[in-house]
Novice: 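Sending over a structure as structure tokens; questions will come in a sec.
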Amino acid sequence: MRMTKFLVRTLRDDPADADVDSHRLLVRAGYIRKVAAGVYSWLPLGQRVLRKVEQIVRDEMDATGAQELTLPIAQPLELWEKSGRDKTYGPLMFRLEDRKETGFCLAPTAEEVITSTVANELSSYRDLPMNLYQINWKYRDELRPRFGLLRAREFLMKDAYSFHTDVEDLRVTYKEMYDAYHKIFTRCGLTFRPVEGEAGEIGGDINHEFMAVAAVGEDDFVWCKSCDYAANVEVAKRQPAQAMPSENESQQQPTRVHTPDMPGIAAVAQHLGESEDVLLKSFAFDADGEMGLALVPGDREVNEFALARAIAPKKLRVFDDNDFAAHPELPKGYIGPHHPSVAVVVADPSIRADHPWVTGANEVDHHITDMWCDRDFTVGIWADIASIQSGDECPQCGKALSVDRGIEVGQVFEIGTKYSTALGATFVDADGVSHPMVMGCYGVGISRTVAAITEEHHDDKGIAWPASVAPFDVHLVALAGKGAAAEEVRTAADALYRDLRAHGIDVLYDDRDASPGVKFADADLIGIPVQLTVGAKGLARGVVERKLRASGERDDIAADGVVAAIR
RNA sequence: CGGGAAGUGGCGCAGUGGUAGCGCACCCGCUUUGGGAGCGGGGGGUCGGGAGUUCAAGUCUCCCCUUCCCGACCA
């Protein structure tokens, strides 16, 4: 493609409304343009990348035997009423009416339509299993679209739905999808981990979220760089804390100290000259009407999900301002675990440490030092309720864990029979008995993946696409100028352009009458993996110059051997 | 939906009541050509929208719309 004929306009300045790198660079380099909040046009460059990712997904889906189809984006609300999701999705759905005032929505996902389709088409166990997918635009009227393509209101998604006679059969497809996703995101050049999500309310549903590691991600997760362990922060574990019995109790008795106007861990630690991890954090909660405290070291947070599991079946309710007002004996910021009105004490095993604790005195502006676990306060329930931190030991391999943010680029989910029951997708088994089909669903955010790849593959000059998703294979820069060799350079570059294309290589050819600096800067910004420069200097030596965008490596290639060299 | 910020040419911005500007981009001419060139000339703006105050509104008042950030929310 000749740049003089190509719709690509790069911007020298960052767009004012973009503050994450992917958004900023994709706009600056001419891949996308914003049309409304969370709605983007994909310019030709962006379209090419979108198609590349889409094709990788299609390849890997087809390889598993899944079948592609296309489902409507405009969907009758009636279907959503059958599953009850018109209410649960609520304002998240874009809604519209036709001229007869029949309600429609723009598809946020397609369980209802596909299930209803399958209900009409399949009816025997002999038809199952079947896995159907589409690659299509989805719509969610997000409360707050942000971060460019990462949380858009219109986004391209691959959604697959599988139908089975039973859960065992579903698990086979689930594993196939899980493996296919590994291949997809590996081919896309992403650093990612599949993270086991929290079990559904019923407890049986399995799901994994594929998280691309990125500072701008919206979900925290824990992962090990040495093995494949990864988990949502809500369910993450670490090597069990050393439950050290407190045998070294000193003779030092608890001492009340004045800590005026210091309701925070950091201030108290500084005031006493102690480190934060010898302060005891007491986190007040209500468990079905009983007062409870959760104890973790001062440098950790309470994992509320773990705490809820620890006190089950009692229900957790974190203390709010009203609760504190109702319990003046537990002054916020100065709570200690030794108060008689506390019925439930849950502590992380790391509390049973070989040192005394500084705790709140249950009196405003006072703390107590030299509090020993078991001697000065007792614990009812021991549970891993302390938040995981970077550097904690991996529960699988013992190496250091990392807590990072991730972009959810894919998800595999066991649905069960919710939709097949609601929409009548049943099959007849070998004995002639009718059952609802068991379903799974599997999503890949394609437009979001483009953004995630950009987040991982860029530098201060611009994007550096992995070859698998780059809009072109080669960026050919002709430095013709108007000097004596101009015609020669132009002729050589034109010939190289034709030659590369004849060999099936996609080339973006900068044939513009622009200065070298502009062309180099644009090439780095656009981010095609291989840059070839044809200039008078090189031609005089019989070479064109090659630069690899990602590494910056440069070398010379004989002008007559370029195609062979870069294939 | 709460808190904050902002809407002026394609992009980035200045403009505190009196003739709408600057940089980049764009068009023409000349010069220049290995890391975002120089000079000269030129085109392009209902100043987000509406109502109001005023002799006079980009600027002041009110209402609305849009966009961005933080939070809440998020198969």
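Here is how names work: the chains are called A, B, and so on, in the same order as the sequence lines, proteins then strands, and each is numbered from 1.
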Novice: Check every strand shown and say whether A:Q411 touches a base, only sugar-phosphate, or nothing at a heavy-atom separation below 4.0 Å.
Specialist: base
Novice: Does the structure show a Watson-Crick or G-U wobble partner for B:G2, both distances under 3.5 Å? Name it, or say none.
Specialist: B:C70
Novice: Indicate, with a heavy-atom threshold strictly under 4.0 Å, whether A:D522 touches base, sugar-phosphate, or nothing.
Specialist: base
Novice: Respond yes when some side-chain nitrogen or oxygen of A:R12 is under 4.0 Å from OP1 or OP2 of B:A25, and no when none is.
Specialist: yes
Novice: For B:C68, take OP1 and OP2 only and decide whether either is under 4.0 Å from a side-chain N or O of A:R144.
Specialist: no
Novice: Looking across every strand, which nucleic acid part, if any, lies under 4.0 Å from A:K547 by heavy atom: base, sugar-phosphate, or nothing?
Specialist: base
Novice: Hydrogens and angles aside, do A:N303 and A:S387 bring a side-chain donor and acceptor to less than 3.5 Å of each other?
Specialist: no
Novice: Using Watson-Crick or G-U wobble geometry with both distances under 3.5 Å, which nucleotide pairs with B:C62?
Specialist: B:G50
Novice: Report which part of the nucleic acid A:G443 touches: base, sugar-phosphate, or nothing (heavy-atom distance under 4.0 Å, all strands).
Specialist: nothing
Novice: Should the ring pair A:Y509 and A:Y497 be called parallel, tilted or perpendicular, given that the plane angle runs from 0 to 90° and is split at 30 and 60?
Specialist: tilted
Novice: Rounding to an integer number of angstrom, what distance separates B:G44 and B:A56 when you compare their C1' atoms?
Specialist: 27 Å
Novice: Determine the contact category for A:R33: base if any of its heavy atoms lies under 4.0 Å from a base atom, sugar-phosphate if only primed atoms, P, OP1 or OP2 are that close, otherwise nothing.
Specialist: nothing
Novice: My understanding is that a pair needs two contacts under 3.5 Å, Watson-Crick or G-U wobble. By that rule, which nucleotide pairs with B:A20?
Specialist: none
Novice: Over all strands shown, is A:E545 touching base, sugar-phosphate only, or nothing at heavy-atom distances under 4.0 angstrom?
Specialist: base
Novice: Kindly say whether, by distance alone, the side chain of A:R554 makes a donor-acceptor pair under 3.5 Å with the base of B:G35?
Specialist: yes
Novice: Please identify each residue that fulfils salt bridge (charged side-chain N to carboxylate O under 4.0 Å, His left out) with A:D323, with sequence neighbours left out.
Specialist: A:R317
Novice: Please tabulate, one pair per line, each protein N/O and nucleotide N/O from nucleotides 4-14 of chain B that are separated by under 3.5 Å, including the distance.
Specialist:
{"from": "B:G12", "atom 1": "OP1", "to": "A:A16", "atom 2": "N", "distance (Å)": "2.9"}

Novice: Using Watson-Crick or G-U wobble geometry with both distances under 3.5 Å, which nucleotide pairs with B:G9?
Specialist: none
Novice: Look at the side chain of A:R28 against the base of B:G36 and say whether a donor-acceptor pair falls under 3.5 Å; ignore hydrogens and angles.
Specialist: yes
Novice: Between the protein and nucleotides 26-32 of chain B, which nitrogen or oxygen pairs are less than 3.5 angstrom apart?
Specialist:
{"from": "B:U32", "atom 1": "O4", "to": "A:K482", "atom 2": "NZ", "distance (Å)": "3.3"}

Novice: Touch check for A:Q531, heavy atoms < 4.0 angstrom, all strands: base, sugar-phosphate only, or nothing?
Specialist: nothing
Novice: Which part of the nucleic acid, if any, lies within reach of A:G517 when heavy atoms closer than 4.0 Å are counted: base, sugar-phosphate only, or nothing?
Specialist: sugar-phosphate
Novice: Select base, sugar-phosphate, or nothing to describe what A:K34 touches, counting heavy atoms under 4.0 Å on all strands.
Specialist: sugar-phosphate
Novice: Who does B:C30 pair with, Watson-Crick or G-U, both distances under 3.5 Å?
Specialist: B:G38
Novice: Under a 3.5 Å cut-off for both contacts, is B:G43 paired Watson-Crick or G-U wobble with anything, and if yes, with which nucleotide?
Specialist: none
